[in-house]
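Values reported hereafter were calculated over all heavy atoms of this structure, with side chains retained and with hydrogens, waters and symmetry mates removed. In the text below, chain A, chain B and the rest are named by the order of the sequence lines, each starting its count at 1. Since the model is a prediction, treat every value here as computed from it, not as a measurement.
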There are 2 protein chains.
Amino acid sequence: MPGQQEPVIWMRPARAPLGRPAERSRAEITAAAVELADRQGLDAVSMRRVAAALNTGAASLYRYVATRDDLLDLMIDSTASEYDLPAPTGDWQADLLTVARQARDIMRRHPWLPHLVITRPTVGPQGVDLLEHVLDALADHPADAAAKLEAFALLCALTALFVQNELAAADPGSARQTAYLRHAAALGDHPRISALLATAPPAVTPAAGAADRMETVLVRALTGVLA
Amino acid sequence: MPGQQEPVIWMRPARAPLGRPAERSRAEITAAAVELADRQGLDAVSMRRVAAALNTGAASLYRYVATRDDLLDLMIDSTASEYDLPAPTGDWQADLLTVARQARDIMRRHPWLPHLVITRPTVGPQGVDLLEHVLDALADHPADAAAKLEAFALLCALTALFVQNELAAADPGSARQTAYLRHAAALGDHPRISALLATAPPAVTPAAGAADRMETVLVRALTGVLA
DNA sequence: ACCTCTTCGCGTACAGTGTTCGCGAAAGGG
DNA sequence: CCCTTTCGCGAACACTGTACGCGAAGAGGT
């Protein structure tokens, strides 16, 4: 039996009961990584840089984490602690919307989060609490188990998508993209795009209302998977 | 004026009219990269490996492409040529659904595509044709320009999300995740998750119907942004 | 107090990455 | 035929994630 691969990081023991005690903890390392990402972006989260932020050597981190991906998983789960989860009201749409609103706030606080949530949907101890809360809010809903799980995934991923879009509109890459659209329209053969560009104000994105649009789309999508 | 950054790759001239002619073309390099990604995954698409597949040196690629990200953009746009875009029927929901169905097929043919579409929403020459088609299908819809653009983005991103989920269910990482869920449920304090795991069959995902669920969610989400 | 056992910290090294520089060679136009 | 301009690309640089192995540190048993 050759398989038998390593389980998720949260199933492996954190500290050893014997021998020399560790000088740091997973939580400290995670916090350092999160702070680094908040300040300088996700690309700045390299083993060496995180280690430097902790005044330690890069190889030392591997006493706490088997791989860099483990560290990213820890970062994701750590942000799930920022939710405030009141008891369900009985109106599942309202309850899920308050979760989504908090998710949006959290992701705007940590601009690197949407990318991670989308590319690596992982649930750790805090994520499990969040999932439990969502399932609690959906307890009276007649949908089956698979549908509810998919609803949770969609809730997270879709908010991440919206926040990512929201944040991308503010960076220079978006300007280049619309510049190319204008260029392509100028070459002819794309009347609809030309008309659309003529209608829209140059590059003004109506930032106000982004949350509202997200919520209407989210509710419709969720009722879709739960049908 | 220090800014004045480089425009998108499709606005830069491909070949020079003077001097020694190039031995390859952007299209050839893109095709090699796509084939490599299809066969060995996106991580195998490194400058050196793509160059090796073309029997050339790594540095030579930089005559055709300014950066690796440019190459990824070329790969995305090249897949947009696989759409078959018939004239709109007048029923925009039906028209957009046929686009979405094709998107799903294309993404399943190129498993690396969802990740790229989600993390780097780029539109090149072929993508512009697709956008024009979608706008044509939406021509009679009363929504404003921004909403239609967002509908297009949502159409692409949401299908990518679904296909990614679909494909992820087949890999071993998903088993580890559910193993942890079971572990967390066994520790108590999460009755909803425990109940859900007891209900669901071990790890059998109902692959059939994935397309249907995607379509219902998609239609609802689209009517949401276009409201 | 010592001794042993186990783990910790981490310098060093390896294989790989994207990208830059600079040179020699190649081709076309005058 | 030469001259201009581009092309191909070997070599190098600054990084990256990760494996190995050693010395040191602390805790428990005696």
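- In this structure, the OH atom of Tyr64(B) is 7 Å from the P atom of dC7(D), given to the nearest Å.
- Each of Arg20(B) and Thr67(A) was matched to the nucleotide of DNA chain D holding its nearest heavy atom; the match closer to the 5' end belongs to Arg20(B).
- Base engagement by Ala59(B) is indicated by at least one non-hydrogen atom pair under 4.0 Å involving a base atom.
- Counting any heavy atom pair closer than 4.0 Å across all strands shown, Ala22(B) reaches sugar-phosphate atoms only and no base atom.
- No salt bridge links Asp77(B) with Arg26(B); every basic N to acidic carboxylate O contact stays at or beyond 4.0 Å.
- To the nearest 0.5 Å, atoms CZ (Arg63(B)) and OG1 (Thr56(B)) are separated by 11.0 Å.
- Base engagement by Arg63(B) is indicated by at least one non-hydrogen atom pair under 4.0 Å involving a base atom.
- The backbone N or O of Thr119(B) sits nowhere less than 3.5 Å from a side-chain atom of Gln164(A) that would complete a donor-acceptor pair.
- The distance from atom CG of Leu54(B) to atom P of dC9(D) is 10 Å, rounded to the nearest whole Å.
- At the heavy-atom level, Gly19(A) lies under 4.0 Å from base atoms of the strands shown.
- Among the heavy atoms of the strands lying under 4.0 Å from Ser46(A) are primed sugar atoms or P, OP1, OP2 only; no base atom is included.
- Here dA14(D) presents its C1' atom at 17 Å from CZ of Arg68(B), a figure rounded to the nearest Å.
- Ring planes of Trp10(B) and Tyr180(A): tilted class, angle from 30 to 60°.
- Atom CG of Leu61(A) is separated from atom P of dG11(C) by 12 Å (rounded to the nearest Å).
- The distance between atom CG of Leu71(A) and atom P of dG17(D), rounded to the nearest whole Å, is 10 Å.
- Rounded to whole angstrom, the span from the CG atom of Leu18(A) across to the P atom of dC8(C) amounts to 10 Å.
- For the pair Arg24(A) CZ and dT7(C) C1', the interatomic distance rounds to 15 Å; values are reported in whole Å.
- Using a 4.0 Å cut-off, some side-chain N or O of Arg49(B) falls inside it from OP1 or OP2 of dT17(C).
- Listed pair Ser60(B) / dC9(D) meets the phosphate criterion, a side-chain N or O lying under 4.0 Å from OP1 or OP2.
- One atom, CG of Asp43(A), and another, P of dT19(C), lie 12 Å apart when rounded to the nearest Å.
- Counting any heavy atom pair closer than 4.0 Å across all strands shown, Arg15(A) reaches no nucleic acid atom.
- Looking at Arg48(B), its side chain has no donor and acceptor atom pair within 3.5 Å of the base of dG16(C).
- In this structure, the separation between CG on Asp73(A) and OG on Ser78(A) is 11.0 Å, given to the nearest 0.5 Å.
- The 5' end of DNA chain C is approached more closely, in terms of each residue's nearest nucleotide, by Pro17(A) than by the other of Pro17(A) and Ala58(A).
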